[in-house]
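Report on one structure; see the data block that follows.
Scope of the values below: all heavy atoms of this structure, side chains included, with no hydrogens, waters or symmetry mates. Since this is a predicted model, take the numbers as computed values, not measurements.
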Amino acid sequence: MALTLRYVDKKGQVNEPFIGLVLIGDTSAKSLKEAIYSLLLKHSLSPSKIREQGYDRASNMQGKVNVVAKKHKEVETFFAIIANVLNVVGASFKRRDQLRDHQAELLEKLLESGELQSGKRLNQERGVQRPGDTRWGSHCRTLDNFVVLFSSVAHVLEVVECEGSEADDRLQA
């Protein structure tokens with residue numbers, strides 16, 4: 001197994017150093033996790049600082065999480081609701097524009113009030129997109145964007161619920 005890290009340094013440069021190779025006899029998720037942690041610790045890197053993970057063709061790592069999610073109805077329902085909301089909001093250019101406009105207005109108010117600071121790489125525009133089924137990094141990005149955009153998403157749903165031209169759209173919203 002090869003391990004590389006991706007991080008952005010203080011100058012804003014993306015770095016991807018190769019950390020090492022590990023001979024793996026057992027490719028269970030638990031064994032791979034232990035090997036990764038061991039290699040990180042060997043290089044004095046803290047696993048608690050990990051913000052996202054990616055696995056290149058490591059279906060055993062992705063699949064375990066997917067199976068766990070599908071065994072818990074609450075988790076499965078949660079992601080189904082998120083997918084439905086994202087479908088309604090992202091169903092048209094008009095709704096995506098409403099989302100973008102509302103978020104821009106909100107950011108402007110927060111900047112004016114001093115609740116947010118402006119600066120390089122701060123308050124970047126975000127969008128809504130459905131996560132991939134097996135890429136849990138995409139679920140994480142989707143949920144992160146959803147939290148940041150929540151009030152704007154709720155605003156668009158309210159508009160659709162009140163002004164939607166189709167009964168199905170109003171019902172979904």
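Looking at residues two or more places apart in sequence or on another chain, you find a side-chain hydrogen bond (donor to acceptor under 3.5 Å, both in side chains) between S31 and D26, S28. Annotation: side-chain hydrogen bond (donor to acceptor under 3.5 Å, both in side chains) contacts of H155 (sequence neighbours excluded): none. Taking the side chain to side chain contact (heavy atoms under 4.5 Å, CB included) definition, one finds that L45 meets it with L5, I19, L40, H43, sequence neighbours left out. Listed by chain and residue number, R6, V8 satisfy the side chain to side chain contact (heavy atoms under 4.5 Å, CB included) test with V14 (two or more places apart in sequence, or in another chain). Every side chain to side chain contact (heavy atoms under 4.5 Å, CB included) that S46 has, sequence neighbours left out, goes to S48, K49. A search for side chain to side chain contact (heavy atoms under 4.5 Å, CB included) contacts involving K94 returns S92, Q98, not counting sequence neighbours.
Listed by first then second residue, pairs satisfying salt bridge (charged side-chain N to carboxylate O under 4.0 Å, His left out) with a partner in residues 80-92 number zero, not counting sequence neighbours.
F18 shares a hydrophobic cluster with L21; the chain of contacts runs through ILVMFWY side chains whose heavy atoms sit under 4.5 Å apart.
Under a hydrophobic clustering in which Ile, Leu, Val, Met, Phe, Trp and Tyr are joined whenever their side-chain heavy atoms come within less than 4.5 Å, directly or via other members, L3 and L41 fall into different clusters. Linking Ile, Leu, Val, Met, Phe, Trp and Tyr whenever their side-chain heavy atoms come within less than 4.5 Å puts L143 and V156 in one cluster.
The shortest heavy-atom contact between H102 and S152 is ND1-OG, 2.8 Å. Between A35 and I24, the shortest heavy-atom contact is CB-CD1, 3.6 Å.
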Kindly list each side-chain donor-acceptor pair under 3.5 angstrom involving residues 159-173, sequence neighbours excluded, with atom names and distances?
unit_1, atom_1, unit_2, atom_2, d
D169, OD2, R95, NH2, 3.0
R170, NH1, G164, O, 2.7
Q172, NE2, N84, OD1, 2.9

